[in-house]
Amino acid sequence: KGAEECREVFGRYQALAYKANFVCEGVDLKPLPFKWADAFDTSEVSSISDWNFERACVIFNLAAAISYLATHCDRGTAEGLKTACQLYQQSAGALHEVHELVKAGAWSATADLASDTIQALESLMLAQAQKCFFEKAEGDGMSTKVLAMLTAECAALYEEVHLRIEEAKARARPISSMTADWLDVVLWNRYLFD
């Protein structure tokens, strides 16, 4: 019915998959393949019989639902900024967990779960959270020194995201297939805070 329900369902399901991983330890999962399509190229599909693969895919979608919720917060209010910041941080944390699962996995999945893609998305979520800190400080009339420090941190985070995206483009990685409008948001935030 919406991102809020997706967040709740994905969160509960990944917890069940986590428990199932321990309960099913030593059990042959070949008859139970988990099938997921790439987030950027739905024609690319992985079918892997591993609970941690299932969790990585579910948590990736959980991160997407959380970041979607963050983009729909009213950042014109103090409460909306606070909520958006928390949601971006949660999304970054979920993507970090996906990265850890992928690193530890004995499987190779679709390109959307590649380390460079996940790290670029995680960096973007952290940059967005930092932008919320900046907006809050600016709205609260904080000192120029504080605003300068927050601006510098935002610039550094957006620069990191930009470099990761440029690297992805050079290597024809999946994040580079996002629309130019979306990629321009990163670029213009980079310019703004620089």
Side-chain angles (χ1 to χ4, degrees), residues 3 6-71 87-129 157-183 185-187:
C6 286
R7 176 175 66 170
E8 189 229 326
V9 170
F10 289 142
R12 280 189 292 131
Y13 179 63
Q14 79 81 27
L16 290 172
Y18 179 77
K19 291 175 187 174
N21 188 40
F22 291 104
V23 171
C24 297
E25 192 170 346
V27 174
D28 181 15
L29 292 179
K30 282 194 173 76
L32 181 66
F34 300 108
K35 189 174 181 178
W36 287 88
D38 186 290
F40 304 105
D41 178 5
T42 56
S43 68
E44 187 181 336
V45 176
S46 286
S47 185
I48 299 172
S49 299
D50 185 302
W51 283 108
N52 284 328
F53 169 71
E54 178 75 346
R55 280 190 67 227
C57 294
V58 170
I59 296 171
F60 183 94
N61 287 339
L62 173 63
I66 293 169
S67 69
Y68 180 84
L69 289 170
T71 64
L87 290 169
Y88 283 127
Q89 289 172 326
Q90 289 171 16
S91 183
L95 289 164
H96 182 77
E97 179 62 18
V98 171
H99 185 247
E100 294 300 311
L101 288 166
V102 170
K103 276 192 334 190
W107 35 264
S108 62
T110 52
D112 59 345
L113 294 180
S115 288
D116 58 342
T117 303
I118 297 299
Q119 288 175 323
L121 293 172
E122 180 183 351
S123 295
L124 177 59
M125 294 301 103
L126 293 173
Q128 291 292 97
L157 287 167
Y158 281 111
E159 177 66 18
E160 180 183 340
V161 176
H162 174 73
L163 291 173
R164 289 184 185 277
I165 290 171
E166 289 304 307
E167 180 183 304
K169 284 180 183 178
R171 295 175 51 212
R173 302 297 290 157
I175 198 168
S176 64
S177 69
M178 290 184 172
T179 66
D181 291 344
W182 190 91
L183 294 173
V185 170
V186 173
L187 183 64

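Being a predicted model, the structure only gives us computed values, none of them experimental.
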For this session: Apply side chain to side chain contact (heavy atoms under 4.5 Å, CB included) to Phe53 and Val102, showing your working.
Result: CA-CA 8 Å; Phe53 169 71; Val102 170; over 6 Å; no
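Listed by chain and residue number, Glu5, Arg12 satisfy the side-chain contact (heavy atoms from CB on, under 4.5 Å) test with Val9 (two or more places apart in sequence, or in another chain).
Between the side chains of Tyr13 and Glu8, no donor-acceptor pair is found at a separation under 3.5 Å.
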Donor-acceptor pairs under 3.5 Å, side chain of residues 18-30 to any protein atom, not counting sequence neighbours: which ones?
from	atom 1	to	atom 2	distance (Å)
Asp28	OD1	Lys30	N	3.1

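Contact annotation: the side chain of Tyr88 never approaches that of Ile66 to less than 4.5 Å [non-hydrogen atoms, C-beta and beyond]. For the pair Ile118/Leu113, a side-chain contact is recorded, criterion being any heavy-atom separation below 4.5 Å from C-beta on. Taking 4.5 Å as the limit, some side-chain heavy atom of Trp36 sits within range of a side-chain heavy atom of Val58. Using a 4.5 Å cut-off on side-chain heavy atoms (C-beta onward), His99 and Leu95 make no contact.
Without hydrogens or angle criteria, Ser46 side chain to Thr110 main chain gives a donor-acceptor distance under 3.5 Å. One N or O on the side chain of Asp38 and one on the backbone of Ala111 form a donor-acceptor pair closer than 3.5 Å.
Screening Glu160, Glu166, Glu167 against Arg164 for a salt bridge (charged side-chain N to carboxylate O under 4.0 Å, His left out) leaves a single residue, Glu160.
Annotation: salt bridge (charged side-chain N to carboxylate O under 4.0 Å, His left out) contacts involving residues 90-117, sequence neighbours excluded, comprise Arg55-Glu97, Glu100-Lys103, Asp116-Arg171, Asp116-Arg173.
By the 30° and 60° cut-offs, the orientation of the rings of Trp51 relative to Phe34 is tilted.
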